[in-house]
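Beneath this line is the structure, given in structure tokens, with notes to follow.
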Amino acid sequence: MRCGPLCRFLWLWPYLSYVEAVPIQKVQDDTKTLIKTIVTRINDISHTQLVSSKQRVTGLDFIPGLHPVLSLSKMDQTLAIYQQILTSLPSRNVIQISNDLENLRDLLHLLASSKSCPLPQARALETLESLGSVLEASLYSTEVVALSRLQGSLQDMLQQLDLSPGC
């Protein structure tokens with residue numbers, strides 16, 4: 001007797017039924033851990049302690065500040081802006097942070113899809129058109145302000161994740 005595809009499928013069924021999806025709590029815990037890791041990396045860069053995340057610096061208004069209430073889509077948009085800024089900086093300090101932001105955005109997408117609210121793909125960010133001229137004029141200040149504000153935003157996101165943010 002020959003066993004066709006249906007027979008093979010039925011033979012594999014007990015094994016397939018034991019495959020479990022990653023619990024969403026695990027994804028949320030991994031997201032929080034990654035945020036804490038990024039904050040620690042920023043703390044390890046000594047010159048980021050010199051500027052408050054609330055301080056206004058002329059010409060750097062395009063760098064996002066703190067947001068009291070963040071949805072998952074707003075978190076993703078904010079991280080996309082920071083990622084674009086960090087990849088534009090020539091500093092070696094920010095390469096790993098930028099990679100971590102990519103991973104964090106992927107985790108946020110998983111959280112969003114678990115709530116049936118897939119995030120739109122980040123489009124080209126028009127707000128950063130002047131980034132090149134700002135980097136030429138004040139490279140060091142841009143890095144310090146961006147990392148300082150990113151740290152504050154990440155701490156806000158960490159608190160929001162405890163409150164189970166919406167779409």
Side-chain angles (χ1 to χ4, degrees), residues 5-6 8-49 51-55 62-89 91-128 143-167:
L6 178 60
R8 283 187 222 134
F9 175 75
L10 291 174
W11 182 76
L12 287 174
W13 181 252
Y15 301 105
L16 295 174
S17 64
Y18 289 112
V19 176
E20 294 181 24
V22 176
I24 200 60
Q25 186 60 43
K26 170 98 172 91
V27 174
Q28 189 163 354
D29 291 345
D30 288 349
T31 304
K32 291 177 185 179
T33 301
L34 184 55
I35 289 173
K36 291 174 186 176
T37 301
I38 298 169
V39 169
T40 301
R41 288 187 205 282
I42 294 170
N43 284 336
D44 289 344
I45 302 172
S46 61
H47 61 266
T48 59
Q49 308 303 322
V51 177
S52 166
S53 60
K54 297 176 184 173
Q55 187 174 354
F62 62 90
I63 300 174
L66 302 176
H67 302 284
V69 177
L70 293 169
S71 63
L72 291 171
S73 63
K74 186 65 178 171
M75 288 180 196
D76 184 58
Q77 290 170 0
T78 301
L79 292 175
I81 293 171
Y82 280 116
Q83 190 175 9
Q84 187 172 355
I85 293 168
L86 294 182
T87 55
S88 301
L89 296 171
S91 172
R92 302 182 89 211
N93 294 328
V94 299
I95 294 171
Q96 184 59 50
I97 295 171
S98 179
N99 292 337
D100 289 341
L101 290 180
E102 179 75 26
N103 294 333
L104 182 56
R105 290 183 65 212
D106 289 341
L107 288 170
L108 287 177
H109 283 243
L110 280 173
L111 287 174
S113 66
S114 75
K115 295 182 176 198
S116 300
C117 54
L119 302 178
Q121 290 296 325
R123 58 192 180 283
L125 303 169
E126 301 84 19
T127 58
L128 301 182
E143 180 181 342
V144 171
V145 171
L147 289 174
S148 176
R149 290 186 187 171
L150 172 59
Q151 185 177 28
S153 292
L154 289 170
Q155 289 167 341
D156 282 351
M157 289 177 195
L158 195 57
Q159 291 174 349
Q160 288 296 316
L161 285 171
D162 287 333
L163 303 174
S164 187
C167 297

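Residues Ser164 and Lys115 meet the side-chain proximity criterion, which asks for heavy atoms closer than 4.5 Å. With contacts defined as side-chain heavy-atom distances shorter than 4.5 Å, the pair Leu79/Leu154 qualifies. Under the 4.5 Å side-chain criterion, counting only non-hydrogen atoms from C-beta, Glu102 is in contact with Asp106. In this structure, the side chains of Asp156 and Met75 stay at 4.5 Å or more apart for every pair of heavy atoms. Leu72 has its side chain out of reach of Gln160: every pair of non-hydrogen atoms, C-beta onward, lies at least 4.5 Å apart. Taking 4.5 Å as the limit, every side-chain heavy atom of Thr87 sits out of range of all side-chain heavy atoms of Ile95.
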Apply side chain to side chain contact (heavy atoms under 4.5 Å, CB included) to the pair Asp162 and Lys32, showing each step before the final yes or no.
CA-CA 9 Å; Asp162 287 333; Lys32 291 177 185 179; 2.5 Å; yes
Start with the C-alpha gap between Gln151 and Asn43, add the side-chain angles, then the distance that decides, and say whether side chain to side chain contact (heavy atoms under 4.5 Å, CB included) holds.
CA-CA 9 Å; Gln151 185 177 28; Asn43 284 336; 2.4 Å; yes
Decide yes or no on side chain to side chain contact (heavy atoms under 4.5 Å, CB included) for Val27 and Thr31, but give the supporting numbers first.
CA-CA 6 Å; Val27 174; Thr31 304; 4.2 Å; yes
Could you give me the CA-CA distance, side-chain angles and deciding distance for Thr78 and Leu150, then say whether side chain to side chain contact (heavy atoms under 4.5 Å, CB included) is met?
CA-CA 9 Å; Thr78 301; Leu150 172 59; over 6 Å; no
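Separating the CG atom in Asp30 from the CG atom in Asn103 is a distance of 11.0 Å, to the nearest 0.5 Å. Rounded to the nearest 0.5 Å, atoms CG (Leu158) and OG (Ser153) are 12.5 Å apart. Taking OG of Ser73 as the reference point, atom NE2 of His109 lies at 10.0 Å (rounded to 0.5 Å). The distance from the CD atom of Gln84 to the CG atom of Leu89 is 11.0 Å, given to the nearest 0.5 Å. Note that CG of Leu111 and CD1 of Ile24 are 5.0 Å apart. Values are rounded to the nearest 0.5 Å. Ile42 CD1 to Asn93 CG: the interatomic distance, rounded to the nearest 0.5 Å, is 11.0 Å.
In this structure, the side chain of Ser113 does not engage the main chain of Ser116 through any donor-acceptor pair within 3.5 Å. In terms of modelled atom types and a separation under 3.5 Å, the side chain of Ser148 and the main chain of Val145 share no donor-acceptor contact. The backbone N or O of Val94 sits nowhere less than 3.5 Å from a side-chain atom of Ser98 that would complete a donor-acceptor pair.
Taking the side chain to side chain contact (heavy atoms under 4.5 Å, CB included) definition, one finds that Gln96 meets it with Arg41, Asn99, Asp100, sequence neighbours left out.
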